[in-house]
Amino acid sequence: MANAQAGGQWYPPEWPGRIRALASGELTPVTPKRAATVMLLKDTGAGPAVHMLRRRTSMAFAGGAYAYPGGGVDPRDDDRHVRWAGPSLDWWADRLGVDRAGAQAIVCAAVRETYEEAGVLLAGPAPDAVVGDTTGADWEADRAALVARELSFAEFLDRRGLVMRSDLLGAWTRWITPEFEQRRYDTWFFVAALPEGQRTRNASTEADRTVWITPREAAGGYDRGELLMMPPTIATLRQLTAYGTAAEALGAAPARDLTPVLASARLVDGEIVLSWPGHDEFTKHIPTGRAPA
């Protein structure tokens, strides 16, 4: 089981051994899989709140940690015609640092996973509209088919006569799982506002709890060791505390730097120093055979 070191930082006990194996050349890094996650925001009297879910403690990766709705890219989303509204695929490719097919798959993953895990759909019957309600047995049947990968996202949109609203997403940051981790992801983080008329629910089989919480409250829970999180989650929460409304956060997204954040591990004076560029609070000093300081 993962443990927390500084505050509520998720830190698997097997990391030191894997870091040493990587440094000695005994470990070959696996290729990260592309993924997308969405920080869904809604305005409250205390400022914008973000929708978070707690991963089941039984999960092999980040069990018990708080995270945002998200998941891996579906390969079927990179080559099928998708009903699309908002910036062009060329614009998104440039923004995300990938080719057109990759951009389509990543943006589709962000919208699809938000629907699969939170029941919120960033799509509408026209380029300037959003569906107002996604509850009901027929919607649930389609959502379950998406989760089971029995239905592609393009087929889902076609069946419903919907257009995906890429303009409702703002690309926020990009993190790549460290090379020593067994399960690696190249993840793009997006921000979006909860559409009017829709409401979130815990639709994920991977989560045992969901909450709406202000970024400041969530960061405080992490600092007190009450909420377990991975580095990119708490880092993005701290960034979101600067904004007074969901619209302000979305407005700031286009100027955000999407240079990938990738942890590095190096040997210094007989100990391993684990660091995330630009995020000094996550730096760890790992003596041989001992827990990180």
Side-chain angles (χ1 to χ4, degrees), residues 2 4-12 15 18-19 22 29-41 50-55 59-73 92-93 95-98 102-103 105-111 113-114 117 169-192 206 215 218-219 222 227-242 249 252-266 273-284 292:
Q5 294 298 327
Q9 184 178 342
W10 178 74
Y11 194 93
W15 269 13
R18 294 186 63 82
I19 291 170
L22 179 67
V30 299
T31 301
K33 298 177 180 179
R34 286 180 172 176
T37 190
V38 177
M39 299 178 286
L40 195 61
L41 304 172
V50 63
H51 180 71
M52 303 189 76
L53 52 85
R54 185 175 65 186
R55 295 173 60 82
M59 296 295 294
F61 184 80
Y66 280 79
Y68 312 114
V73 162
W92 276 110
R95 179 72 182 115
L96 301 179
V98 297
I106 293 163
V107 175
C108 281
V111 176
E113 289 287 342
T114 303
E117 297 200 335
L169 286 170
W172 191 262
T173 191
R174 178 183 178 186
W175 286 63
I176 301 177
T177 310
E179 292 184 330
F180 47 81
E181 175 55 61
Q182 292 173 285
R183 297 170 180 81
R184 299 192 66 210
Y185 300 94
D186 183 353
T187 305
W188 283 261
F189 287 69
F190 296 85
V191 289
E206 298 179 356
Y222 169 90
L227 302 182
L228 189 66
M229 298 178 200
M230 292 177 283
T233 308
I234 180 58
T236 49
L237 285 170
R238 296 203 197 284
Q239 293 157 1
L240 288 173
T241 61
R256 295 275 310 168
D257 182 8
L258 292 187
T259 301
V261 179
L262 173 63
S264 65
R266 63 191 190 278
V273 178
L274 174 60
S275 61
W276 279 258
H279 299 273
D280 292 343
E281 74 166 294
F282 306 129
T283 299
K284 301 294 179 192

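- Under the side chain to side chain contact (heavy atoms under 4.5 Å, CB included) test applied with Phe282, the options Leu274, Ile234, Val261 reduce to a single match, Ile234.
- The structure places CG of Asp186 at 7.0 Å from CD1 of Ile106, a figure rounded to the nearest 0.5 Å.
- Checking side-chain atoms of Arg174 against main-chain N and O of Pro260 turns up no donor-acceptor pair under 3.5 Å.
- For the pair Gly72 and Ala109, the tightest heavy-atom approach, listed with the atom from each and the gap, is O-CB, 4.1 Å.
- With contacts defined as side-chain heavy-atom distances shorter than 4.5 Å, the pair Thr177/Arg183 does not qualify.
- Nearest heavy atoms, Ala171 versus Arg256: O-CB, 4.1 Å.
- Annotation: the span from Leu169 atom CG to Trp92 atom CH2 amounts to 5.5 Å, rounded to 0.5 Å.
- Not a single donor-acceptor pair under 3.5 Å links the side chain of Thr241 to the backbone N or O of Pro215.
- Note that CD of Glu179 and OG1 of Thr31 are 10.0 Å apart. Values are rounded to the nearest 0.5 Å.
- Residues Arg184 and Pro29 are in side-chain contact: their nearest non-hydrogen atoms beyond the backbone lie under 4.5 Å apart.
- In this structure, Leu227 and Met52 have side chains that are not in contact, with every pair of non-hydrogen atoms separated by 4.5 Å or more.
- Taken from CD1 in Ile19 to CZ in Phe180, the straight-line distance is 4.0 Å, to the nearest 0.5 Å.
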Exercise. Take Tyr68 and Thr236, measure what side chain to side chain donor-acceptor pair (under 3.5 Å) needs, and give me the verdict at the end.
Key: CA-CA 11 Å; Tyr68 312 114; Thr236 49; 2.8 Å; yes
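- To the nearest 0.5 Å, atoms CZ (Phe190) and OG1 (Thr173) are separated by 11.0 Å.
- Nearest heavy atom pair, residue Ala103 against residue Val98, reads N-CG2, 3.4 Å.
- Here the side chain of Thr37 pairs a donor or acceptor atom with the backbone of Pro69 at under 3.5 angstrom.
- Considering only heavy atoms from C-beta on, Val30 stays 4.5 Å or farther from Gln182 through its side chain.
- Taking 4.5 Å as the limit, some side-chain heavy atom of Leu96 sits within range of a side-chain heavy atom of Trp188.
- The OG1 atom of Thr187 sits 12.0 Å away from the NZ atom of Lys33 when rounded to the nearest 0.5 Å.
- Here the closest heavy-atom approach between residue Leu262 and residue Pro178 is recorded as CD1-CA, 4.0 Å.
- No side-chain heavy atom of Phe189 sits less than 4.5 Å from a side-chain heavy atom of Gln239.
- Considering every non-hydrogen atom in both Leu240 and Ala249, the closest pair reads CD2-CB, 4.2 Å.
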